[in-house]
Each structure stands twice: as C-alpha cells, then as structure tokens.
Amino acid sequence: MTLVREAGAKLIHQFTVPYKGTWQSVSANMLSPDSLYNSNNVFIRKGKLRERPGLSLLNSTVFDSPVKGGAMAVTPVQKRLLAFTESRLYTTISGSSSWVIDTSSLTNVNPVDVTFLETSSQYVAVIANGSQALKRWIEGSGVSSITASVGTVPVAKSVCTAARRIIYLIDPHTVGWTASLTYDNYPALAIYKLAQTNDLAICVRSLSNLTFVVYKERSIYLARAQAGSDSSAFGFSEPIKVEGPAGIHAVCDVNGTHFYMTPNGRVAIFDGSQYPKWIADGLWLYLQGDIDPIYAKNIFAVFDYRLHTVTFHYPRITDTTGLMTGLLIINLPLEGSGIDSYPCFKGVTSKSVSFGYNYRFNEQIDRSLLFTSTSGDVQSFNFDENVRTDDEVNFDCSFQTGLFPLPEMRHSHISVESFLERADGNGSVDIYAVASDALENETGTKELASFITIDLNNNPIQEYLGFNKPTRFFGLQYEWVSSSKVRYAGAALYGRAVS
C-alpha cells in the first residue's frame, strides 16, 4: 500500500455508487461505472452501498412449524399480527414479549392467504388455504367455519377484497365474489371463468378499492367494479399474455403497484394501466440457474416502506430440500433524485425463511417481519438495518465491479483510491484486483495473491492501493464480514501503461 499513486499514473476511470444495480446478465466489460457485475448481501441505503439488513429477534416464541401465511389485522380494538402455521394461528400485539396461540387444530397444508373486511357489525379476516372451505377469524373468537347465508362457501386458494366484497379464486381458473359488505353470502351467478387462456390461476390481488387482478401462469386479467347486480359486479379486461407470478405470496403491493417474481426469477411491476414492466433483469439470467424450480411456488415478496425496498425470498438449488435462503433486494427510486432505476442486489440469509410481511404499530417505525423455517428454530425476526448480524451470526458481504478496458487496450499498472466512510470501530475491508487480458473467462481473474486490507478505523487524507498486475481489463472486488461497517461511495482508478 502506498499513500501516493504510482509515478506517471493518470486518472483513467471512476466507479460510482451502483444505482443501476447488479448486472450478471451481460458481459462484465459492458457495464457502466454505476453498475456491479456481482453482489452478495449488500444494498443501497442513504446513498451508499452497505451490508444488507440483519435479522433481529422479535420475541422468544418458537412456533410449532413453519409459518405459511399471515398479515397485520387493524381491528376496531387494536393492531394485531397474525401468523398461520400448518396447525395453529398465533397472534401478538405491540409490546408483547411473545406470540399467543389463538386457534389450534387447523389443517393448513398449502400456503395461507388472508384478506380483511369490516361489515356493519364485524371486522373479520377471511382465510383461504386451497384445501378447505374459506374460514373466518374474529378477534376474541379465533378461527371458525363460515356458515353461508346464501349459496355455498367455496374451497378457494386465494382471496382479496375489492368494492367491499370478498374475492376468491378456485382452481383451476374460476373467480367468484360475495355480495357487498358480506363474507357469508355467495350468489350462485357471481362467478367468472377465465379458461380462455388455458393456464392455471395463481392468485387474486387488490389493485385499488374498486379493482383487482387475477394472476395466472401465463396471463393477467384486470377486473373493475361496475354498476349492476351481484352477478355483474365486475367487468374483466382482455387477458394480457405475460408470465405470471411463481406463487400466491410472490406478489406484493407497493403503494398501488404490484411487484411480482416469476418462477424463474424475472421481476415485473404492474399498475393496471399498461403491460407489465420488467425490472431487475440484470440478475434474471443468474436467478434462472439459482432458483430451485421444484419449490419456486414458495417464493414470497415483502415491501418495506422504511427501507424503501422490495425483497424476494426464494429457494436455492443448493438449499436443503424445501428451505429458502436466497434473497433479491430491490431499491426503489427516490422521488426527485433524478434516479429512476430499480437497482437489484442478491444475497443469502443465514437462516432459512418461509414467509414475511411488513407491519407498523402505532407510534413505531415500519418493520419487515420474517419467519425462519429450520426445524426447531421457527421464530420471528425483524429485517433490521441497525443490526449487522443474522441473530448474532455474522454474514459475508461482497461486490465486484465491471471490467474496465484500459486506454488503448495497453497493459497497465493500476493504483486505486477507494471512497469509504472511516471512523473508529468501522473494522476493515479486503480489496482484490480482478484482471483480464482478453476476456478469456466470464468474470475476470480474482488476483488472490495481491489482495489489500483497508483499515477503516483511521482516516488518511488520501490512500492509494497499488496492484502489481499489468492487465488490459481491470475491476475490483470488495469483501468483508458484516460486523465491519462498510459504506462505499465509489473508487478512482489511476493507470500507467507498461506495454
């Protein structure tokens, strides 16, 4: 390491904060300075790249089995969190030190979907699990069967609320709805069969107070409320031919826009006004090979208002059967910043998770709630940017820039100045040169023998790192353990031609 750059070296390139995210879908030498070629357990927060949020324990309760669904209920009495396992419903409230078993003897073999409706006399959660008739939950009364006042209570796989009606989805492609302001009145003609696209329906999701979306394997239908009888309460658009979400929980609402992930990892946003827009394609081709297709139906998404992110959790081929540790983090654009991209970063959680959702108690900041799923360790955690561990276990972080072609394609020696926050207690970060002469491999060659450790506990005015490796394409790889506080704002490359 040297405090002055090599004699004759000139500024040839600058890497900046990666607001275009990770782009493993294109060649490493094609990337812009504000892109990464690879990433692991990082995201952008307060304008700089840093470690992803960690997992902080919500309370000490250990669930009887993995959580399959849930939501926050805003009842007339209080806000309450719901978590459904295969055989139980657990609930908790703000300030509680544990989850309480609300209802036992349930049979939730499949993912659980929940929606809410307040009638003239009751606030209810309507629950679908795909194998039993819809059930209801009322605070203080637990989960119970619904007795139909009209028609028959359906066996549905997904539910939502629109135009003051419960919308339900029956396999393979039938949508139905209740009479207005009821959850027990099922008019026989209040159904619509979506068989014309000949693909399996996945889920129904509210888009606004008067509209909802039916997501299928290869198509999307938009439904809007209209005047008329119960049987004609909704009008349906022509189908949009497009790949749909991986499963019931692979869709999340972000301020009236849906984000969803397909079974092979492509991410779309849909607001009902136009064809879905594909985002995060920089990692799509990577995710195709990383997602376990057998368990892709378990993918779930969480919108975090505080972090201004959407995260997708998915099963990796290398995970133990059925577990999920894969993570895709998408930073959302900041209004007025001039940056309108959706930078994406990949990661791996130290604990396998089965489900999660965003919640907000009164006078408390928003949180993302995640439920772990390893046998004997099924607990609830906050996805917390103030914690740099997963339940007190450090995790590895890294990122790699693109490969920058050196001037005139001549072999050059490179010196690097990294722009990182410095303060006592920040720890350290290792930096590796990534070199290539003729793009002879996909990623470039990580020069293991020439890594340099930067001490982030002190603050030199300038710090240049010299890599004794003449090359024609050059990139950087940063690696650290999450206990170190790394805040990256870019790097400058200085080069001196040697041939």
Side-chain angles (χ1 to χ4, degrees), residues 21-25 39 43 52 68-69 110-111 113 157-158 160 199-205 207 213-220 240-272 275-304 307-319 322-332 341-349 352-358 368 370-371 373 383:
T22 312
W23 277 90
Q24 276 187 270
S25 299
S39 61
F43 83 129
R52 64 158 172 83
K68 292 178 172 288
N110 304 309
D113 207 11
K157 66 189 292 187
S158 180
C160 69
D199 52 343
L200 182 68
I202 302 298
C203 63
V204 288
R205 287 291 175 264
L207 192 59
V213 182
V214 183
Y215 287 102
K216 302 185 70 181
E217 289 177 314
R218 294 289 176 86
S219 59
I220 295 175
I240 300 172
K241 301 293 185 66
V242 65
E243 188 81 1
I248 289 174
H249 298 311
V251 185
C252 71
D253 184 278
V254 180
N255 301 323
T257 297
H258 290 172
F259 284 60
Y260 71 84
M261 177 180 280
T262 68
N264 61 16
R266 201 173 193 190
V267 178
I269 57 177
F270 180 62
D271 63 5
Y275 191 88
K277 175 184 178 181
W278 298 112
I279 62 171
D281 268 3
L283 282 172
W284 176 38
L285 302 187
Y286 165 82
L287 292 170
Q288 288 180 25
D290 198 43
I291 293 175
D292 188 338
I294 297 175
Y295 300 100
K297 62 184 178 182
N298 296 328
I299 292 171
F300 69 91
V302 181
F303 166 54
D304 193 309
L307 296 177
H308 206 51
T309 60
V310 172
T311 57
F312 290 92
H313 299 262
Y314 64 88
R316 304 163 69 217
I317 289 179
T318 55
D319 284 339
L323 299 183
M324 292 198 293
T325 63
L327 174 65
L328 177 69
I329 305 178
I330 301 175
N331 282 99
L332 303 179
S341 58
Y342 294 84
C344 60
F345 308 95
K346 59 187 177 73
V348 179
T349 54
S352 173
V353 293
S354 63
F355 183 69
Y357 58 85
N358 184 255
S368 289
L370 298 175
F371 299 92
S373 58
F383 200 47

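Positions are given from 1, in the same order as the sequence printed here.
- The minimum heavy-atom distance between G289 and I317, with the atom names listed, is O-CD1, 3.4 Å.
- With a 4.5 Å cut-off on side-chain heavy atoms, F259 and V251 do not count as touching.
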Next on the checklist: Let's go through H258 and F270 carefully: what are the C-alpha distance in whole Å and the side-chain angles of both, what is the deciding distance for ring pair (Phe, Tyr, Trp, His ring centres under 6.0 Å) to 0.1 Å, and is it a yes or a no?
Outcome noted: CA-CA 5 Å; H258 290 172; F270 180 62; 7.2 Å; no

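- Using a 4.5 Å cut-off on side-chain heavy atoms (C-beta onward), P263 and E243 make contact.
- Across all non-hydrogen atoms, the minimal contact from A268 to P276 is CB-CB, 4.2 Å.
- Looking at D319, its side chain does come within 3.5 Å of a backbone N or O of T325 through a donor-acceptor pair.
- Residues W284 and N264 have side chains that bring a donor and an acceptor to within less than 3.5 angstrom of each other.
- Between F383 and H313, the two ring planes are perpendicular [angle over 60°; tilted spans 30° to 60°].
- Once rounded to the nearest 0.5 Å, the distance linking CD1 of I202 with CD1 of I220 reads 11.5 Å.
- Here the side chain of S39 pairs a donor or acceptor atom with the backbone of K346 at under 3.5 angstrom.
- Side chain of T257 to backbone of D271: no donor-acceptor contact under 3.5 angstrom is found.
- Side chains of S354 and S373: no donor on one and acceptor on the other come within 3.5 Å.
- Applying the side chain to side chain contact (heavy atoms under 4.5 Å, CB included) rule to L285 yields the partners S25, Q288; only residues at least two apart in sequence or on another chain are considered.
- Nearest approach of R52 to F43, heavy atoms of both residues: CA-CD2, 3.6 Å.
- Formation of a donor-acceptor pair under 3.5 Å by the R316 side chain with backbone atoms of L327 is not found in this model.
- Within the 4.5 Å cutoff, the side chain of T262 has heavy atoms near those of the W278 side chain.
- Looking at residues two or more places apart in sequence or on another chain, you find a side chain to side chain contact (heavy atoms under 4.5 Å, CB included) between K68 and E86, N108, V112.
- Residue I330 forms a side-chain contact (heavy atoms from CB on, under 4.5 Å) with just one option from I269, V267, T311, L283, and that option is V267.
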Item to check | Derivation and outcome, side-chain contact (heavy atoms from CB on, under 4.5 Å), residues K216 and I240 | outcome: CA-CA 10 Å; K216 302 185 70 181; I240 300 172; over 6 Å; no

Next on the checklist: side-chain contact (heavy atoms from CB on, under 4.5 Å) for V213 and Y260? Distances and angles first, verdict last.
Outcome noted: CA-CA 12 Å; V213 182; Y260 71 84; over 6 Å; no

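- Considering only heavy atoms from C-beta on, D253 stays 4.5 Å or farther from F303 through its side chain.
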Checklist entry - So L370 and F300, side-chain contact (heavy atoms from CB on, under 4.5 Å) or not? Walk me through it. => result CA-CA 10 Å; L370 298 175; F300 69 91; 3.9 Å; yes

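- Considering CD1 of I291 and CZ of R266, their distance stands at 13.0 Å, rounded to 0.5 Å.
- To the nearest 0.5 Å, atom CG of residue N110 and atom NZ of residue K297 are 7.5 Å apart.
- Between the side chain of K157 and the backbone N or O of A201, at least one donor-acceptor pair lies under 3.5 Å.
- Here the straight-line distance linking atom OH of Y314 with atom CE of M261 works out to 7.5 Å at 0.5 Å rounding.
- Here the NE2 atom belonging to H249 is positioned 9.5 Å from the SG atom belonging to C203, to the nearest 0.5 angstrom.
- Counting only heavy atoms from C-beta outward, the side chains of F345 and N331 approach each other to under 4.5 Å.
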